[in-house]
Number of protein chains: 2
Amino acid sequence: MINRIAGRSRDPPDATPSLRCKGGPKLSKSLKKDVRNPQKARVSILDAAERAFAELGYGGASIRGIARDADVNQAMIHYYFQNKDQLFDEVIDRRAGAVNAQRNDALDRLFAEGVPTLEELMEALLRPTIEMGHDESRGGSAFARLVVSFSNSADERSRNMAIEHYDPIARRSIAAMRQVLPELDMAAAVRAYLFSISVALSVMARTGRAARLSGGLCNDSDTEETVSTTVAFSCAGIRALAKQAVNQFDENVE
Amino acid sequence: MINRIAGRSRDPPDATPSLRCKGGPKLSKSLKKDVRNPQKARVSILDAAERAFAELGYGGASIRGIARDADVNQAMIHYYFQNKDQLFDEVIDRRAGAVNAQRNDALDRLFAEGVPTLEELMEALLRPTIEMGHDESRGGSAFARLVVSFSNSADERSRNMAIEHYDPIARRSIAAMRQVLPELDMAAAVRAYLFSISVALSVMARTGRAARLSGGLCNDSDTEETVSTTVAFSCAGIRALAKQAVNQFDENVE
DNA sequence: GCATTTATCAAACGTTTGATTAATAGGATC
DNA sequence: GATCCTATTAATCAAACGTTTGATAAATGC
């Protein structure tokens, strides 16, 4: 009933995408931008996409706008990344791996010398995240906002992002918390971890609300103060949940 | 379900050039949906828009999709609301007022009988929010997710939402916290408030992650347990920030 | 020196978007 | 029974959307 004919193939692109794509720049003479620099185009696309997804959401970001911002031709995005979905995945991949590697390394180092304090543990977990969010020069702050806005969403894309990139380190962290604080039961540990991450994410978002509400007294940008405040808040909260669990146990026993 | 009869919008064009150029309702067969009910159309549009904005973001939600979900004609949305932006505002307006009224009332009642404990204060602030997020039947959970995904964003729409609907109660809450805990300085109080709200929002989002990570032990849906856990975590964290401020003062004095 | 591969481009494709319009039906009022 | 008002409709629009295409300049391999 609908004219689905016409010569457009809806087939998914080949696993080897480059064979059918040919072409070259029209402008050969002077005043071309530094062409022949694949690295740079790819990276600037990823940077622009990161900003766009963070500021506009997945649906609000457009391939055209990303291309314009990255100063590349629109088709380049489909040349380096099959489609919008894949582009989003690679934006996440690029940063999440680095931060989680830092967190894993920090955990390795900590537990190599015995069982650390709760404060040491939480700082090892939260510092890499917060520091990336404060790294304005290398573009981490855009990614931070991106993670924040997706981490509390319930759609499938967000769920997959969490499962693939953040659940593994979460499981390890939760186990570590219970090692440091044995009276923390599983349910409480999971909640404590998610609460702590949520606090860290809220400072990463840098919405400017803290400065607005405090009349400029709060400084979103002071990394060290942010880390120490976040760690202090989280550790106290976690100990409270551990104590709550013990109290409930006592009540049941009596 | 509903008869989307006749008038398919993408029908092949008539062979005979019809005289009528633009719209108008077609044949008035029997079994039309309950026409002449302005209230119902308006409300179902708001409900559908709430769900759409929550699940897809502002950019990802479409007027057509909202109309389909609300089972109204697409043009009805522009009849009741000027445009997409205005529709979003009214979605926020509808719920934010109710929750903040509850929180203000709770504060009034608390301080009428002197200065409350920190636990009483935080429960008064967090319970209405959490309860709305758990009110699946009245659609509050969709709004909860909507607020969560926008509260950590830095775009202009989110900032305006915060300034208009959430900054007033935030200012009052922060002042109340400092009344209850005088050693809490302004900057620490602002941070403590934002941290606590962030924790409450994370449980409102109900992403299912807690259940996944805990192997089903954590139950996102138990309102009372969620409230008591959230309050316990927040209060301990707030007291830690108050103590941190005092310690810093001591260090400076020495 | 020729063939292949890679990187880039402009232009188009069909679809979907937010928005508008003219037509009309139902009820109320006169 | 004509008139008016409000609610609702199908049709239509221009713009923007993600994606595909064919061409081609530059780099690389043999």
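Order of the sequence lines sets the chain letters (A, B, ...), proteins ahead of strands, with each chain counted from 1.
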Taking only the side-chain heavy atoms of [X] (C-beta and beyond), determine which of [options] contains the nearest atom.
X       : options              : result
A/Tyr79 : D/dT9, D/dA7, C/dT6  : C/dT6
A/Tyr80 : D/dT9, C/dT8, D/dT19 : C/dT8
B/Ala41 : D/dG18, D/dT8, C/dT8 : D/dT8

query = So, B/Ser44 versus B/Asp47: side-chain donor-acceptor pair below 3.5 Å or not?
reply =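 No, no side-chain donor-acceptor contact under 3.5 Å.
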
message = Does either side chain, that of B/Ser198 or that of A/Ser198, offer a donor lying less than 3.5 Å from an acceptor on the other one?
response =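 The answer is yes; a qualifying pair exists.
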
Phosphate contact (C/dA19 OP1 or OP2) by B/His78 side-chain N/O below 4.0 Å =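 So the side chain of B/His78 is within the cut-off, an N or O lying under 4.0 Å from OP1 or OP2 of C/dA19.
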
message = For the residue pair B/Arg157 and B/Tyr58, would you count it as a cation-pi contact if the rule is NZ or CZ under 6.0 angstrom from the ring centre and within 45 degrees of the ring axis?
response =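 Flagged: B/Arg157 positioned over aromatic ring of B/Tyr58.
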
Between [atom2] on [N] and [atom1] on [X], what's the gap in Å once rounded to a whole number?
X       : N      : atom1 : atom2 : result
B/Ile45 : D/dA7  : CD1   : P     : 12 Å
A/Lys40 : D/dA26 : NZ    : P     : 18 Å
A/Asn73 : D/dA25 : CG    : P     : 16 Å
B/Met76 : D/dA10 : CE    : C1'   : 14 Å
A/Ile77 : C/dT8  : CD1   : P     : 13 Å
B/Gln74 : D/dT9  : CD    : C1'   : 12 Å

query = Is A/Arg206 close to A/Arg145 at the side-chain level, that is, under 4.5 Å between some pair of heavy atoms?
reply =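 A/Arg145 vs A/Arg206: side chains touch.
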
query = Quick one: does A/Leu146's side chain get under 4.5 Å of A/Val91's, heavy atoms only?
reply =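 Touching, per the 4.5 Å side-chain cut-off.
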
At a cut-off of 3.5 Å, list every protein nitrogen or oxygen paired with a nitrogen or oxygen from nucleotides 14-17 of chain D, distance to 0.1 Å.
from   : atom 1 : to      : atom 2 : distance (Å)
D/dC17 : OP1    : A/Ser62 : OG     : 3.4
D/dC17 : N4     : A/Arg64 : NH2    : 3.3

key: A/Ser141 side chain to A/His134 backbone, donor-acceptor under 3.5 Å   =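 No: the side chain of A/Ser141 does not pair with the backbone of A/His134.
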
